[in-house]
Amino acid sequence: MFNLNQFEALLATTVIGRTPNNEFWDSIDSTNSRVATLAGEGAEEGTVVFARRQTKGRGRLGRQWLSPPDSGLYMSLLLRPEKSVGEIPIITLAIGVATAKAILAKTGLKVGLKWVNDLVFDRKKIGGILAEMLTPGGERIIVVGLGINISFQQDEIPEELGDKLTWLNQLLCTECNTNALAAEICFQIEDVYNKMQRGQSKEILEDWRAFSVTLGQEIVSTTPARELRGTALDISDNGALIIQTAQGKEELFGGEISIRSKDGSYS
Ligand code: BTN
């Protein structure tokens, strides 16, 4: 089970998690909302908030993030990037890379990255990222939220999600050490964040390609504005998904995609 002191003792970072403001809540609406509040009160860059459960956990595109007690790692952290950092559009991909690397380092499991923010294993979702940019008082801040499924009971999962999600303890022989995993995630996030600040986003995108389960696949984008069908070719320097459609190449900047499986269904 998560323990803030043990997490802090395992940290190998210089900024992320190295502030006096880290918090661990038994129950909270959303750790992202809490970090946004702390940011407004002047919390330092690197502040991390964890919770055992969230009552209003938020996913991308206005969705709810299922957050029963101790079933997932629910964490959010605060970044205050310099104005000059131009790499912000790739933040979600960068955090995906960091998280996939951390899971690999701490469990030996290679999860896949599904554009734009999903961590998957065997086509099932194991985690997601919600990076929110806010500008309180004109300053740009980023709240990075991460949900990783650790240990679900079957009866905690709504029927419609039944075969769509998986969790680390379902896939591992031993129980996942969430303190060590959270500390490693912070370490890896600091690494990608430093690379972003140094303008080394190409390196991050190369790592993303290595974890991708998206590139080379037949996909359909489910953006409300328009439907795009085709082959996912690559990601652009600013993190857009490049798709070869029947009409030519298109770039997808937001929304969501579904990937075609062998039986022809999309998920
Ligand atoms: C997604 O896949 O849609 C993103 C899910 C992000 C969920 C995490 S859990 C911790 C943090 N707090 C929230 O309310 N959301 C993020």
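Every number for a ligand or one of its atoms is a count from 1 in the order of the listing. What you are looking at is a predicted structure, and each value in this text was computed from that prediction instead of being measured.
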Legend entry - Backbone N/O of Asp29 and side chain of Ser33: donor-acceptor pair under 3.5 Å: no

Inset, instruction - Tell me which protein heavy atom sits closest to atom 10 (C) of ligand 1, plus the residue, atom name and distance to 0.1 Å. - result: Thr31 OG1, 3.2 Å

Legend entry - Given Arg198, Gln197, Lys202, the one that forms side-chain hydrogen bond (donor to acceptor under 3.5 Å, both in side chains) with Gln200: Arg198

Legend entry - Proximal ligand 1 atoms for Gly57, defined as those under 4.0 Å from one of its heavy atoms: 14 (O)

Inset, instruction - Please report which non-hydrogen protein atom sits nearest to atom 9 (S) of ligand 1, along with the residue it belongs to and the distance in Å to one decimal place. - result: Gln54 NE2, 3.3 Å

Inset, instruction - In plain terms, say whether Asp26 and Arg53 are close enough for a salt bridge, that is, a side-chain N and a carboxylate O under 4.0 Å apart. - result: no

Inset, instruction - In plain terms, say whether Glu256 and Arg63 are close enough for a salt bridge, that is, a side-chain N and a carboxylate O under 4.0 Å apart. - result: yes

Legend entry - Which of the ligand 1 atoms, numbered from 1, are nearer than 4.0 Å to a heavy atom of Ser76: 11 (C), 12 (N)

Inset, instruction - Looking only at protein heavy atoms, identify the closest one to atom 2 (O) of ligand 1 and say how far it is in Å. - result: Lys125 NZ, 2.6 Å

Inset, instruction - May I ask you to list the atoms of ligand 1 that are less than 4.0 angstrom from any heavy atom of Gly59? - result: 1 (C), 3 (O), 4 (C), 5 (C)

Inset, instruction - For atom 15 (N) of ligand 1, find the nearest protein heavy atom and state the residue, atom name and distance (0.1 Å precision). - result: Arg58 O, 2.7 Å

Inset, instruction - Name the orientation class of the two ring planes belonging to Phe7 and Phe50 (parallel below 30°, tilted from 30 to 60°, perpendicular beyond 60°). - result: perpendicular

Legend entry - Ionic contact status for Lys101 with Asp207, cut-off 4.0 Å: yes

Inset, instruction - Please indicate whether Glu251 has more than 12 foreign heavy atoms, meaning atoms of other residues, nucleotides or ligands, lying under 6.0 Å from its CD. - result: yes

Inset, instruction - Look at atom 1 (C) of ligand 1 and say which protein heavy atom is nearest, naming residue and atom and giving the distance to 0.1 Å. - result: Asn117 ND2, 3.2 Å

Inset, instruction - Quick one: look up the protein heavy atom nearest atom 5 (C) of ligand 1 and list residue, atom name and how far away it is. - result: Trp65 CE3, 3.3 Å

Inset, instruction - May I ask you to say whether Glu218 pairs ionically with Arg229, meaning some side-chain N is under 4.0 Å from a carboxylate O? - result: no

Inset, instruction - Could you tell me whether Met75 approaches ligand 1 through its side chain, its backbone, both or neither, with non-hydrogen atoms closer than 4.0 Å? - result: backbone

Legend entry - Closest candidate by heavy atom, reference atom 3 (O) of ligand 1, pool Glu132, Arg60, Lys56: Arg60

